[in-house]
Number of protein chains: 2
Amino acid sequence: MFSQTVEYALRAIVHLADNSPNPCTTEQIAKATKVPQAYLSKVLQSLRQSNVVHSQRGIGGGISLIKTPDELNLLEVVNAVDPIQRIKSCPLGLKGHGANLCPLHRKLDEAMRVTEHAFSETTLAEILASSTSSYPLCNEPEDRLTILGEPSKPPVK
Amino acid sequence: MFSQTVEYALRAIVHLADNSPNPCTTEQIAKATKVPQAYLSKVLQSLRQSNVVHSQRGIGGGISLIKTPDELNLLEVVNAVDPIQRIKSCPLGLKGHGANLCPLHRKLDEAMRVTEHAFSETTLAEILASSTSSYPLCNEPEDRLTILGEPSKPPVK
DNA sequence: GCAATAATAGACATCAATATCCAATTATAG
DNA sequence: CTATAATTGGATATTGATGTCTATTATTGC
């Protein structure tokens, strides 16, 4: 129901939120989220063009969130890469309908409206704070520390 | 959020439900629903293979619903052509997660669950009976009679 | 049996999503 | 100023969704 691109974008944003406000390199995000790096860079470009993330070139650079995790919701991320297209007028182009949707398209649009609303009400902070036995993107709590600390590759400066 | 194929399948089924229990030819459905006829025939094949519709070749044949409109729900139609894929295990393949989804994927799956439920609770009869100013697939009430009666092409037999 | 009707099957075409690769550009550290 | 780190942009490949075309098969009426 959601595109691969949406899945990738959300994974990347979760990782960024987890490290917020520090930047992460595309390579690091790709590894942590298991997304093809070259494709991820395209997805991140979309997120940058939509002002969801900020990018900084050169040593010590990378991608970082523009908002804080508690100000950023899932809908902003989804709409940046693969917007939820609400049905605004009759898809058959029937003049008699116009903005007045028939029962079928009202049902379809309603499903999208509900999804849109659920996403808009969920912040990244909530995702990170959810108490569950699984931590986002990480296998074990130890993994999380490993990724966060990056012990095998200490941060420059 | 939903594929073109789902849209086409639902349009066709609404038209069939409207004429139920009489059969409709692919050509007639294509015209009434504004779906490319050759592609529609593929979509209808999927619906037949999933036992949503019955097909009959030859003169007087066509496509007809297997269930009555009040026994058929939207989910059966959607799943026949483009199944809603619920997230059953961690998309990253993290062993520590397994069937225990992380907060991100639980949110995504929850959105799909809600959509799935809404569709499973809506029958075709309800779609046809919904009181709204727009009738499904038709421009005006007159159009509906035109399509139903097919005055320009009286039914064989 | 023959002709007309209508679905079926398969091959083929087109387009957008997904994915990869590489050169160019920008920024930083020293 | 130079080497390095990192994003950016463009070209290209691959795949699946969408769409078209033609021949075949099944059914009915004559």
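Within every chain, numbering begins at 1; the chains are lettered A, B, ... in the order of the sequence lines, protein sequences first and strands thereafter. What you are looking at is a predicted structure, and each value in this text was computed from that prediction instead of being measured.
Rounded to whole angstrom, the span from the CD atom of B/Glu7 across to the P atom of D/dT18 amounts to 11 Å. Per the geometry, CD1 belonging to B/Ile29 stands 11 Å off P belonging to C/dT8, to the nearest Å. When rounded to the nearest whole Å, the span between CD of A/Gln4 and C1' of D/dA17 equals 15 Å. Atom CD of A/Glu27 is separated from atom P of D/dT8 by 16 Å (rounded to the nearest Å). The distance from atom CG of A/Leu16 to atom P of D/dT7 is 11 Å, rounded to the nearest whole Å. Atom NE2 in B/His54 sits roughly 11 Å away from atom P in C/dA7 (whole-Å rounding). Nucleotide C/dT20 holds its C1' atom 9 Å from the NZ atom of A/Lys42, rounded to whole Å. Rounded to a whole Å, the CG atom of B/Leu40 is 14 Å from the C1' atom of C/dT8.
Checked against B/Ile63 for a side-chain contact (heavy atoms from CB on, under 4.5 Å), the options B/Leu40, B/Leu44, B/Ile13 give a single hit: B/Leu44.
For D/dA6, neither phosphate oxygen OP1 nor OP2 lies less than 4.0 angstrom from any side-chain nitrogen or oxygen of A/Ser55. Contact between the side-chain N/O atoms of A/Tyr8 and the OP1/OP2 oxygens of C/dA19 is found at a separation under 4.0 Å. The phosphate of D/dA17 (OP1 or OP2) has no side-chain N or O of B/Thr5 nearer than 4.0 angstrom.
When distances are taken from the side chain of A/Arg48 to each of C/dG10, D/dT8, D/dG19, the shortest belongs to D/dT8. Set against C/dA7, D/dT20, C/dT18, the side chain of B/Ile63 has C/dA7 as its closest nucleotide. Residue B/Gln45 places its side chain closer to C/dT8 than to any other of C/dA7, C/dT8, D/dT7. You'll find that the side chain of B/Ile59 is closest to D/dT28, out of D/dT28, D/dT4, D/dT8. Of the candidates C/dT8, C/dT18, C/dT5, C/dT18 carries the atom nearest the A/Tyr39 side chain, counting heavy atoms from C-beta on. Closest to the side chain of B/Ala38, out of D/dT20, D/dT7, C/dC21, is D/dT20.
Looking at heavy-atom distances under 4.0 Å, A/Gln37 makes no contact with the nucleic acid at all.
Between B/Arg11 and B/Glu7 there is a salt bridge, since a side-chain N of the basic residue sits under 4.0 Å from a carboxylate O of the acidic one.
Under the 3.5 Å distance criterion, the side-chain polar atoms of B/Asp82 are left unmatched by any main-chain donor or acceptor of B/Val6.
Note: B/Phe119 and B/Phe2 meet the aromatic proximity criterion, with ring centroids under 6.0 Å apart.
Residue-to-nucleotide contacts include no donor-acceptor pair under 3.5 Å from the side chain of A/Arg57 to the base of C/dT26.
When only modelled atom types and interatomic distance are considered, B/Tyr39 and B/Thr5 share a side-chain donor-acceptor pair under 3.5 Å.
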